[in-house]
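Structure first, then comments.
Since the structure is predicted, the reported quantities are computational estimates derived from the model, not experimental observations.
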Amino acid sequence: MSTDPIWEGSTTGADVPLTEDIAPGTANDPPAGATDEATLTVDGQTVEASAGATLLDACETVDTDGDVLALCSYDDEEKIGPRSECRTCMVETEEHGIVPSCSFPVEDDMVVSTDTEAASEARDVNLDLILSNHNLLCTTCGANGRCDLQDVAIENDVEEPRYGVLHDRSQLEPIDDSSPFIQIDRNKCILCNRCVEACNDVQVEGVLRVEGSGSDTRIGFQNDADTMMDSTCVSCGHCATVCPTGALVEQGLVDATTLPVPGFTHKNSAEGIVGEDYERQQTQMTPMKREGDNRNEPRVSRPEPAATEGDDWL
(Lines give C-alpha, C1' and ligand atoms only; values in the text may rest on other atoms or scores of the structure.)
Protein backbone atom coordinates (compact mmCIF):
# COMPACT_ATOMS: atom_id res chain seq x y z
CA MET A 1 0.00 0.00 0.00
CA SER A 2 1.37 3.36 -0.97
CA THR A 3 1.95 5.97 1.70
CA ASP A 4 0.92 8.64 -0.81
CA PRO A 5 -2.81 9.48 -0.78
CA ILE A 6 -2.88 8.55 -4.48
CA TRP A 7 -1.65 5.15 -5.66
CA GLU A 8 1.71 5.05 -7.39
CA GLY A 9 1.20 5.29 -11.12
CA SER A 10 -2.22 6.87 -10.77
CA THR A 11 -2.94 10.38 -11.97
CA THR A 12 -6.19 10.78 -10.08
CA GLY A 13 -7.49 9.95 -6.66
CA ALA A 14 -10.88 8.81 -8.01
CA ASP A 15 -10.03 5.12 -7.68
CA VAL A 16 -8.38 5.39 -4.25
CA PRO A 17 -10.25 3.24 -1.67
CA LEU A 18 -11.48 4.66 1.60
CA THR A 19 -8.75 2.80 3.47
CA GLU A 20 -5.86 4.30 1.52
CA ASP A 21 -5.04 6.86 4.21
CA ILE A 22 -4.93 4.22 6.96
CA ALA A 23 -1.39 3.71 8.20
CA PRO A 24 0.32 0.54 6.94
CA GLY A 25 0.50 -2.32 9.40
CA THR A 26 -2.74 -1.57 11.22
CA ALA A 27 -4.88 -4.28 9.64
CA ASN A 28 -5.40 -6.14 6.36
CA ASP A 29 -3.49 -9.31 7.23
CA PRO A 30 -3.00 -11.82 4.41
CA PRO A 31 -5.21 -14.94 4.48
CA ALA A 32 -3.89 -17.57 6.90
CA GLY A 33 -5.91 -20.57 5.77
CA ALA A 34 -5.05 -23.37 3.38
CA THR A 35 -5.48 -22.91 -0.35
CA ASP A 36 -6.92 -26.41 -0.83
CA GLU A 37 -9.20 -28.82 0.99
CA ALA A 38 -7.43 -31.22 3.35
CA THR A 39 -8.03 -34.30 5.44
CA LEU A 40 -6.18 -34.37 8.74
CA THR A 41 -6.28 -35.95 12.17
CA VAL A 42 -6.97 -33.95 15.35
CA ASP A 43 -6.56 -35.89 18.60
CA GLY A 44 -7.12 -39.12 16.71
CA GLN A 45 -10.26 -37.86 14.96
CA THR A 46 -10.47 -37.44 11.19
CA VAL A 47 -11.37 -33.93 10.06
CA GLU A 48 -12.35 -32.87 6.54
CA ALA A 49 -11.27 -29.25 6.24
CA SER A 50 -12.34 -26.90 3.47
CA ALA A 51 -10.13 -24.52 1.54
CA GLY A 52 -9.23 -21.49 3.65
CA ALA A 53 -9.32 -23.43 6.92
CA THR A 54 -6.77 -23.11 9.70
CA LEU A 55 -5.84 -25.65 12.36
CA LEU A 56 -8.07 -23.76 14.78
CA ASP A 57 -11.00 -24.25 12.41
CA ALA A 58 -10.25 -27.96 12.34
CA CYS A 59 -9.95 -28.13 16.14
CA GLU A 60 -13.31 -26.41 16.56
CA THR A 61 -15.10 -29.11 14.55
CA VAL A 62 -14.31 -31.85 17.10
CA ASP A 63 -14.14 -32.33 20.86
CA THR A 64 -10.46 -31.76 21.50
CA ASP A 65 -8.56 -33.31 24.38
CA GLY A 66 -6.86 -30.01 25.22
CA ASP A 67 -8.47 -26.60 25.69
CA VAL A 68 -7.37 -24.44 22.73
CA LEU A 69 -8.08 -20.94 24.04
CA ALA A 70 -7.46 -18.62 21.06
CA LEU A 71 -8.05 -15.33 22.90
CA CYS A 72 -7.15 -13.04 20.00
CA SER A 73 -9.31 -14.94 17.52
CA TYR A 74 -12.73 -13.61 16.59
CA ASP A 75 -15.72 -15.41 15.08
CA ASP A 76 -16.02 -13.17 12.04
CA GLU A 77 -12.62 -14.09 10.65
CA GLU A 78 -13.32 -12.91 7.12
CA LYS A 79 -12.96 -9.37 8.46
CA ILE A 80 -11.14 -9.70 11.78
CA GLY A 81 -8.07 -11.87 12.32
CA PRO A 82 -6.61 -14.33 12.75
CA ARG A 83 -3.81 -12.40 14.43
CA SER A 84 -1.59 -15.00 16.12
CA GLU A 85 -0.92 -12.44 18.86
CA CYS A 86 -1.77 -14.12 22.16
CA ARG A 87 -0.39 -17.60 21.36
CA THR A 88 -2.94 -19.28 23.62
CA CYS A 89 -4.03 -21.55 20.77
CA MET A 90 -0.78 -23.51 20.43
CA VAL A 91 -1.06 -27.14 19.32
CA GLU A 92 1.51 -29.77 18.42
CA THR A 93 1.86 -31.28 14.95
CA GLU A 94 4.01 -34.20 13.94
CA GLU A 95 5.20 -32.32 10.88
CA HIS A 96 5.96 -28.83 12.25
CA GLY A 97 6.11 -29.13 16.03
CA ILE A 98 4.35 -26.48 18.17
CA VAL A 99 2.40 -23.97 16.06
CA PRO A 100 -0.32 -21.33 16.61
CA SER A 101 -3.48 -23.00 15.37
CA CYS A 102 -5.34 -19.77 14.58
CA SER A 103 -2.96 -18.80 11.78
CA PHE A 104 -1.54 -22.13 10.62
CA PRO A 105 -3.13 -23.62 7.47
CA VAL A 106 -4.38 -27.19 7.45
CA GLU A 107 -2.44 -29.71 5.37
CA ASP A 108 -3.38 -33.10 3.96
CA ASP A 109 -2.49 -35.99 6.28
CA MET A 110 -1.42 -33.64 9.07
CA VAL A 111 -1.51 -35.13 12.58
CA VAL A 112 -2.45 -32.65 15.31
CA SER A 113 -2.48 -33.11 19.08
CA THR A 114 -3.91 -30.56 21.51
CA ASP A 115 -3.09 -32.17 24.85
CA THR A 116 0.59 -33.05 24.63
CA GLU A 117 2.77 -31.77 27.46
CA ALA A 118 4.54 -29.32 25.16
CA ALA A 119 1.33 -27.87 23.70
CA SER A 120 -0.39 -27.57 27.08
CA GLU A 121 2.65 -25.91 28.65
CA ALA A 122 2.95 -23.46 25.75
CA ARG A 123 -0.68 -22.39 26.18
CA ASP A 124 -0.34 -22.14 29.96
CA VAL A 125 2.84 -20.04 29.78
CA ASN A 126 1.35 -17.65 27.23
CA LEU A 127 -1.85 -17.29 29.24
CA ASP A 128 0.18 -16.44 32.35
CA LEU A 129 2.23 -13.93 30.38
CA ILE A 130 -0.96 -12.18 29.28
CA LEU A 131 -2.30 -12.17 32.83
CA SER A 132 0.97 -10.75 34.15
CA ASN A 133 0.44 -7.64 32.00
CA HIS A 134 -3.23 -7.23 32.88
CA ASN A 135 -4.90 -5.33 35.70
CA LEU A 136 -6.67 -8.18 37.48
CA LEU A 137 -8.94 -6.11 39.71
CA CYS A 138 -11.92 -7.86 38.16
CA THR A 139 -14.46 -6.71 40.74
CA THR A 140 -14.15 -3.11 39.53
CA CYS A 141 -14.17 -3.92 35.82
CA GLY A 142 -17.05 -3.14 33.48
CA ALA A 143 -16.43 -6.44 31.70
CA ASN A 144 -16.62 -8.53 34.88
CA GLY A 145 -18.66 -11.63 34.03
CA ARG A 146 -18.41 -11.09 30.27
CA CYS A 147 -14.66 -11.20 29.73
CA ASP A 148 -12.98 -13.81 27.53
CA LEU A 149 -9.74 -13.62 29.51
CA GLN A 150 -11.62 -14.09 32.77
CA ASP A 151 -13.43 -17.10 31.34
CA VAL A 152 -10.33 -18.94 30.13
CA ALA A 153 -8.46 -18.17 33.35
CA ILE A 154 -11.26 -19.79 35.34
CA GLU A 155 -11.52 -22.72 32.95
CA ASN A 156 -7.78 -23.32 33.38
CA ASP A 157 -7.89 -22.99 37.19
CA VAL A 158 -5.45 -20.08 37.26
CA GLU A 159 -5.29 -18.77 40.81
CA GLU A 160 -2.22 -16.56 40.51
CA PRO A 161 -0.15 -16.08 37.32
CA ARG A 162 3.36 -17.48 37.67
CA TYR A 163 4.93 -14.19 36.51
CA GLY A 164 3.13 -11.90 38.93
CA VAL A 165 0.48 -9.33 38.10
CA LEU A 166 0.52 -5.83 36.66
CA HIS A 167 -1.05 -4.23 39.73
CA ASP A 168 1.77 -5.44 41.97
CA ARG A 169 4.38 -3.70 39.81
CA SER A 170 2.83 -0.20 39.93
CA GLN A 171 2.83 0.14 36.16
CA LEU A 172 -0.75 1.24 35.74
CA GLU A 173 -1.55 3.73 33.00
CA PRO A 174 -4.19 6.44 33.53
CA ILE A 175 -7.61 5.60 32.17
CA ASP A 176 -8.80 7.56 29.14
CA ASP A 177 -12.40 8.49 29.92
CA SER A 178 -12.38 11.67 27.81
CA SER A 179 -15.00 10.32 25.42
CA PRO A 180 -18.63 10.35 26.57
CA PHE A 181 -19.18 7.05 24.78
CA ILE A 182 -16.15 4.74 25.23
CA GLN A 183 -13.62 4.38 28.03
CA ILE A 184 -10.12 3.04 27.37
CA ASP A 185 -8.27 1.18 30.13
CA ARG A 186 -4.99 0.09 28.57
CA ASN A 187 -4.10 -1.75 31.77
CA LYS A 188 -6.57 -4.39 30.63
CA CYS A 189 -5.51 -4.50 26.97
CA ILE A 190 -4.01 -7.80 25.74
CA LEU A 191 -3.00 -6.31 22.34
CA CYS A 192 -5.15 -8.79 20.43
CA ASN A 193 -5.68 -6.15 17.71
CA ARG A 194 -9.39 -6.94 17.36
CA CYS A 195 -10.36 -3.30 17.91
CA VAL A 196 -7.87 -2.05 15.33
CA GLU A 197 -9.18 -4.38 12.66
CA ALA A 198 -12.81 -3.64 13.54
CA CYS A 199 -12.08 0.07 13.22
CA ASN A 200 -10.00 -0.13 10.04
CA ASP A 201 -11.31 -3.17 8.16
CA VAL A 202 -14.97 -3.33 9.15
CA GLN A 203 -16.03 0.24 9.92
CA VAL A 204 -13.30 1.74 7.69
CA GLU A 205 -12.84 4.70 10.02
CA GLY A 206 -9.06 4.51 10.41
CA VAL A 207 -9.00 5.74 14.01
CA LEU A 208 -7.03 3.11 15.94
CA ARG A 209 -3.56 1.67 15.48
CA VAL A 210 -0.96 -0.31 17.41
CA GLU A 211 1.95 1.93 18.34
CA GLY A 212 5.22 1.57 20.21
CA SER A 213 7.30 -1.58 20.63
CA GLY A 214 8.21 -4.11 23.27
CA SER A 215 6.75 -3.33 26.68
CA ASP A 216 5.68 0.10 25.39
CA THR A 217 3.33 -1.34 22.75
CA ARG A 218 -0.17 0.08 23.11
CA ILE A 219 -3.34 0.94 21.25
CA GLY A 220 -3.15 4.51 19.98
CA PHE A 221 -4.71 6.80 17.43
CA GLN A 222 -3.75 7.37 13.82
CA ASN A 223 -4.03 11.13 14.13
CA ASP A 224 -1.51 11.06 17.02
CA ALA A 225 -4.13 12.25 19.51
CA ASP A 226 -3.52 11.71 23.21
CA THR A 227 -7.12 10.91 24.07
CA MET A 228 -10.13 9.25 22.51
CA MET A 229 -11.99 12.56 22.55
CA ASP A 230 -9.29 14.23 20.46
CA SER A 231 -9.11 11.36 17.98
CA THR A 232 -11.23 11.01 14.85
CA CYS A 233 -13.48 8.46 16.59
CA VAL A 234 -17.11 8.52 15.41
CA SER A 235 -18.31 6.57 18.50
CA CYS A 236 -19.69 3.63 16.52
CA GLY A 237 -18.77 1.33 19.43
CA HIS A 238 -17.53 -1.57 17.31
CA CYS A 239 -14.14 -1.56 19.03
CA ALA A 240 -15.81 -2.11 22.41
CA THR A 241 -18.00 -4.84 20.93
CA VAL A 242 -15.07 -6.98 19.80
CA CYS A 243 -12.79 -6.28 22.80
CA PRO A 244 -12.25 -9.56 24.73
CA THR A 245 -11.52 -7.78 28.02
CA GLY A 246 -12.42 -4.54 29.78
CA ALA A 247 -9.92 -2.44 27.84
CA LEU A 248 -12.69 -0.81 25.80
CA VAL A 249 -16.02 -0.43 27.56
CA GLU A 250 -19.11 1.65 26.82
CA GLN A 251 -19.33 4.46 29.35
CA GLY A 252 -22.73 3.33 30.55
CA LEU A 253 -21.28 -0.07 31.52
CA VAL A 254 -18.05 1.08 33.21
CA ASP A 255 -19.29 0.42 36.75
CA ALA A 256 -22.17 -1.89 35.85
CA THR A 257 -20.58 -4.89 37.59
CA THR A 258 -18.58 -3.09 40.27
CA LEU A 259 -19.25 -4.31 43.80
CA PRO A 260 -21.51 -1.77 45.56
CA VAL A 261 -18.96 -0.61 48.12
CA PRO A 262 -18.58 3.14 48.78
CA GLY A 263 -15.51 4.56 47.04
CA PHE A 264 -14.96 1.32 45.13
CA THR A 265 -15.13 2.25 41.44
CA HIS A 266 -13.37 1.13 38.31
CA LYS A 267 -11.38 4.33 37.86
CA ASN A 268 -10.11 4.83 41.40
CA SER A 269 -9.25 1.16 41.72
CA ALA A 270 -7.28 1.12 38.46
CA GLU A 271 -5.45 4.32 39.31
CA GLY A 272 -4.72 3.35 42.91
CA ILE A 273 -7.03 5.97 44.45
CA VAL A 274 -9.30 3.72 46.49
CA GLY A 275 -11.38 4.48 49.52
CA GLU A 276 -9.89 4.04 52.98
CA ASP A 277 -12.06 0.99 53.59
CA TYR A 278 -10.57 -0.87 50.64
CA GLU A 279 -7.51 -2.89 51.63
CA ARG A 280 -6.83 -5.31 48.80
CA GLN A 281 -8.44 -8.17 46.99
CA GLN A 282 -7.63 -11.46 48.65
CA THR A 283 -6.47 -12.89 45.32
CA GLN A 284 -5.66 -11.31 41.98
CA MET A 285 -7.60 -13.83 39.94
CA THR A 286 -11.12 -14.48 38.80
CA PRO A 287 -12.79 -17.32 40.72
CA MET A 288 -15.65 -15.09 41.87
CA LYS A 289 -17.69 -16.35 38.96
CA ARG A 290 -17.85 -19.82 40.48
CA GLU A 291 -21.09 -20.37 42.32
CA GLY A 292 -20.74 -19.56 46.00
CA ASP A 293 -17.13 -18.42 45.65
CA ASN A 294 -16.37 -14.89 46.83
CA ARG A 295 -12.58 -15.05 47.21
CA ASN A 296 -12.10 -12.16 44.80
CA GLU A 297 -14.27 -9.74 46.72
CA PRO A 298 -12.49 -6.88 48.50
CA ARG A 299 -11.89 -7.16 52.21
CA VAL A 300 -13.51 -4.19 53.89
CA SER A 301 -13.28 -3.08 57.48
CA ARG A 302 -15.92 -0.62 58.57
CA PRO A 303 -18.51 -0.19 61.32
CA GLU A 304 -21.81 -1.90 60.69
CA PRO A 305 -24.01 0.83 59.17
CA ALA A 306 -27.52 1.48 60.34
CA ALA A 307 -29.93 -0.45 58.14
CA THR A 308 -31.90 1.75 55.80
CA GLU A 309 -34.25 0.99 52.98
CA GLY A 310 -32.33 -0.02 49.84
CA ASP A 311 -29.19 -1.03 51.77
CA ASP A 312 -29.91 -4.76 51.74
CA TRP A 313 -26.63 -5.39 49.85
CA LEU A 314 -24.59 -4.77 53.02
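You'll find the side chain of L71 reaches within 4.5 Å of the side chain of L127, heavy atoms only. F104 has its side chain out of reach of T54: every pair of non-hydrogen atoms, C-beta onward, lies at least 4.5 Å apart. Contact of the P244 side chain with the C192 side chain is registered, since non-hydrogen atoms from C-beta on lie closer than 4.5 Å. In this structure, the side chains of L56 and S73 come closer than 4.5 Å at one or more pairs of heavy atoms.
Distance check: N144 CG to C138 SG gives 6.0 Å after rounding to the nearest 0.5 Å. Interatomic distance, E205 CD to S235 OG, rounded to the nearest 0.5 Å: 10.0 Å. Remark: C72 SG to L191 CG distance equals 10.5 Å, nearest 0.5 Å.
V91 and C59 get closest at one heavy-atom pair: CG1-SG, 4.4 Å. Residues G237 and I182 approach most closely at CA-CD1, 3.9 Å, considering heavy atoms. Nearest approach of R146 to Q150, heavy atoms of both residues: N-OE1, 4.2 Å. For the pair I130 and C86, the tightest heavy-atom approach, listed with the atom from each and the gap, is CD1-CB, 3.5 Å.
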Stepwise side chain to side chain contact (heavy atoms under 4.5 Å, CB included) check, C195 with C243 | CA-CA 6 Å; C195 61; C243 180; 5.7 Å; no

Stepwise, does the side chain to side chain contact (heavy atoms under 4.5 Å, CB included) test hold for F181 with M228?
-> CA-CA 10 Å; F181 302 103; M228 176 73 89; over 6 Å; no

Evaluate the criterion side chain to side chain contact (heavy atoms under 4.5 Å, CB included) for residue pair E37 and E48; output intermediate values, then yes/no.
-> CA-CA 8 Å; E37 296 179 353; E48 300 288 340; over 6 Å; no

Step by step, work out the side chain to side chain contact (heavy atoms under 4.5 Å, CB included) result for C102 and C89.
-> CA-CA 7 Å; C102 75; C89 67; 3.8 Å; yes

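Residues forming a side-chain hydrogen bond (donor to acceptor under 3.5 Å, both in side chains) with T232 (at least two apart in sequence, or on another chain): none. With sequence neighbours excluded, the residues forming a side chain to side chain contact (heavy atoms under 4.5 Å, CB included) with L40 are V42, V47, A49, L55, A58, V106, M110, V112, listed by chain and number. Residues meeting the side-chain hydrogen bond (donor to acceptor under 3.5 Å, both in side chains) test with T61, sequence neighbours left out: none. Residues that satisfy the side chain to side chain contact (heavy atoms under 4.5 Å, CB included) test with V242, not counting sequence neighbours, are Y74, I80, R194, A198, H238.
Side chain to side chain, D177 and Q251 fail the donor-acceptor criterion of an N or O pair below 3.5 Å. Between the side chains of D43 and T114, at least one donor N or O lies within less than 3.5 Å of an accepting N or O.
In terms of modelled atom types and a separation under 3.5 Å, the side chain of N200 and the main chain of E197 share no donor-acceptor contact. Using modelled atom types, no side-chain atom of T88 and backbone atom of L69 make a donor-acceptor pair closer than 3.5 Å. In this structure a side-chain-to-backbone donor-acceptor pair under 3.5 Å is present from T93 to G97. Checking side-chain atoms of T39 against main-chain N and O of D108 turns up no donor-acceptor pair under 3.5 Å. Between the side chain of T227 and the main chain of D230, a donor-acceptor pair closer than 3.5 Å is present. Between the side chain of N223 and the main chain of A225, a donor-acceptor pair closer than 3.5 Å is present. Q222 places a side-chain N or O within donor-acceptor distance of the main-chain N or O of L208, the cut-off being under 3.5 Å. A donor-acceptor pair under 3.5 Å is formed between the side chain of N187 and the backbone N or O of E173. Side chain of Q183 to main chain of E250: no donor-acceptor pair is present (N/O by atom type, distance under 3.5 Å, no hydrogens or angles).
A side-chain contact (heavy atoms from CB on, under 4.5 Å) with L248 is found for exactly one of D176, T241, I219, I184, namely I184. Of the options V99, N126, V125, a side-chain contact (heavy atoms from CB on, under 4.5 Å) to M90 is made by N126 and by none of the others. Applying the side-chain contact (heavy atoms from CB on, under 4.5 Å) test between I190 and each of N133, L149, L129 identifies L149 as the sole match.
Within 6.0 Å of CG on D226 lie no more than 12 heavy atoms contributed by other residues, nucleotides or ligands.
Judged as a salt bridge (Lys or Arg N to Asp or Glu O under 4.0 Å), the pairs with a partner in residues 84-98 (not counting sequence neighbours) are, in order, R83-E85. Listed by first and then second residue, the salt bridge (Lys or Arg N to Asp or Glu O under 4.0 Å) pairs involving residues 109-137 are E121-R162, D128-R162 (not counting sequence neighbours).
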